[in-house]
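Okay, so here's the structure we're looking at.
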Protein chains: 2
Amino acid sequence: MSQELTSQTLAELMQRGNVFSDKCPSRDVLKHVTSRWGVLVLLALMDGEQHRFSALKRKILGVSEKMLAQTLQQLESDGFVIRTVFPVVPPHVEYGLTELGRQIAKQVVGLADWIENNLLQIIEAQQQYQSQQTSSLQHWQS
Amino acid sequence: MSQELTSQTLAELMQRGNVFSDKCPSRDVLKHVTSRWGVLVLLALMDGEQHRFSALKRKILGVSEKMLAQTLQQLESDGFVIRTVFPVVPPHVEYGLTELGRQIAKQVVGLADWIENNLLQIIEAQQQYQSQQTSSLQHWQS
DNA sequence: CTGAATCCTTGCTGATACTG
DNA sequence: CAGTATCAGCAAGGATTCAG
């Protein structure tokens, strides 16, 4: 019963402009992939290899086990990450990107790369903004 | 004194792999443009027109004045949004995208569009994930 | 009209401890 | 090894009020 959607429901979901509505499922997905750790997990998995939980924890500096598990679950539930369990003791679990995951990872990387490539201009703009703010503080000497 | 950066400082900032560090300025910018309202503001300004504060508030459903002002300030400080003040009464302020803003908006739109275009597959994956979760809850009937 | 300032609620986050 | 559960701290977010 979870294998079909009415075309009516889909039509509503696929509408453009829905992003301006908070109920749009796109916003949840966007939230997941652009979250603090979501971006880093996608980047860490971009090499196409399988990664163990502890390996990801070591690679992504500063992430707690809780947030790593949570982030991986979100990305898995969206179909971006595949989780493979080896029924051995001690437990062995590997994570990798699905085809869908590789595609969205490219988009995220594209955004991140653009920012890194244009960071100079951004920083200049930030400094101009700062100097303008301070220069407009001419309230001293009334 | 805010017009120059040493090439050494820049070299550090431009390093790839810095995204895995929390101190990377890129993460702040990424945070701004992918924030809950940042995406919507960029999308709302993508038409190239100038928009008044109240017009944006109407267009972006659910945003509070506080968050709209805050988001616009962040995007302006990053050099993505230009703020034009008309010294009249009552006050008249218009917002638009800079060239830098148009470029990053394209990246963000690319990400958002990809999600919308692939939403069907994502939703299917979510449903499969859900059904797998519930089917593994075979703890009843011990 | 366009915000700034304040208070208050919510949710995210991380450290700790515990399970299989 | 690979998580889950719980709790406490903090920052984001929202409603309201006030100012230019």
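Note: hydrogens, waters and symmetry copies are ignored here, and every other heavy atom, side chains too, is used. Within every chain, numbering begins at 1; the chains are lettered A, B, ... in the order of the sequence lines, protein sequences first and strands thereafter.
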Spacing of A:Gln107 atom CD and A:Gln103 atom CD [to the nearest 0.5 Å]: 8.5 Å
Would you give the length of the straight line joining atom CG of A:Leu56 to atom NE2 of A:His51, rounded to the nearest 0.5 angstrom?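 Answer rounded to 0.5 Å: 6.5 Å.
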Holding to side chain to side chain contact (heavy atoms under 4.5 Å, CB included), I want the full list of residues that pass it with [X], two or more places apart in sequence or in another chain.
{"X": "A:Thr98", "answer": "A:Ile82, A:Leu100"}
{"X": "B:Gln50", "answer": "B:Thr84, B:Glu94"}
{"X": "B:Lys106", "answer": "none"}
{"X": "B:Ala105", "answer": "B:Leu42, B:Met46, B:Leu97"}

Spacing between B:Lys31 atom NZ and C:dC12 atom P, to the nearest angstrom: 11 Å
Given atom CG of B:Leu40 and atom C1' of D:dG13, what is their separation to the nearest angstrom?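 Whole-Å distance recorded here is 15 Å.
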Does C:dG3 have its OP1 or OP2 closer than 4.0 Å to a side-chain nitrogen or oxygen of B:Tyr95? yes
Between A:Arg36 and C:dG14, is there a side-chain N or O to OP1/OP2 distance below 4.0 Å?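 Checking C:dG14 against A:Arg36, a side-chain N or O does come within under 4.0 Å of OP1 or OP2.
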Group every Ile, Leu, Val, Met, Phe, Trp and Tyr by side-chain heavy-atom contacts under 4.5 Å, then state whether B:Val63 and B:Val93 land in the same group. yes
Who else is in A:Val88's hydrophobic cluster (ILVMFWY, side-chain heavy atoms under 4.5 Å, direct or via others)? A:Phe86
Each nucleotide in nucleotides 15-20 of chain D should get exactly one letter: B, S or -. Can you fill that in based on protein heavy atoms under 4.0 Å? B----B
Just jot down the salt bridge (charged side-chain N to carboxylate O under 4.0 Å, His left out) partners of B:Arg52, sequence neighbours excluded, or say none.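 Salt bridge (charged side-chain N to carboxylate O under 4.0 Å, His left out) list for B:Arg52, sorted by chain: empty.
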With sequence neighbours excluded, residues passing salt bridge (charged side-chain N to carboxylate O under 4.0 Å, His left out) with A:Arg83: none
Let me test you: for the helix from C:dC1-D:dG20 to C:dG20-D:dC1, what is the angle between the axes at its two ends (five pairs each), rounded to 10 degrees?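 Computed from the C1' atoms at both ends, the axes differ by 40°.
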Residues from residues 48-55 of chain A sitting under 4.0 Å of DNA chain D, heavy atoms only?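 A:Arg52, A:Phe53, A:Ser54, in order of number.
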Which residues within residues 67-89 of chain B lie with some heavy atom under 4.0 Å of an atom in DNA chain D? B:Met67
Selection residues 67-79 of chain B - residue pairs positive for salt bridge (Lys or Arg N to Asp or Glu O under 4.0 Å), sequence neighbours left out: none
Run through B:Leu30, B:Leu111, B:Val39 and flag the one making a side chain to side chain contact (heavy atoms under 4.5 Å, CB included) with A:Thr34. B:Leu111
For B:Arg27 and A:Arg36, indicate whether the former's side chain and the latter's backbone hold a donor-acceptor pair under 3.5 Å.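 A pair under 3.5 Å: yes.
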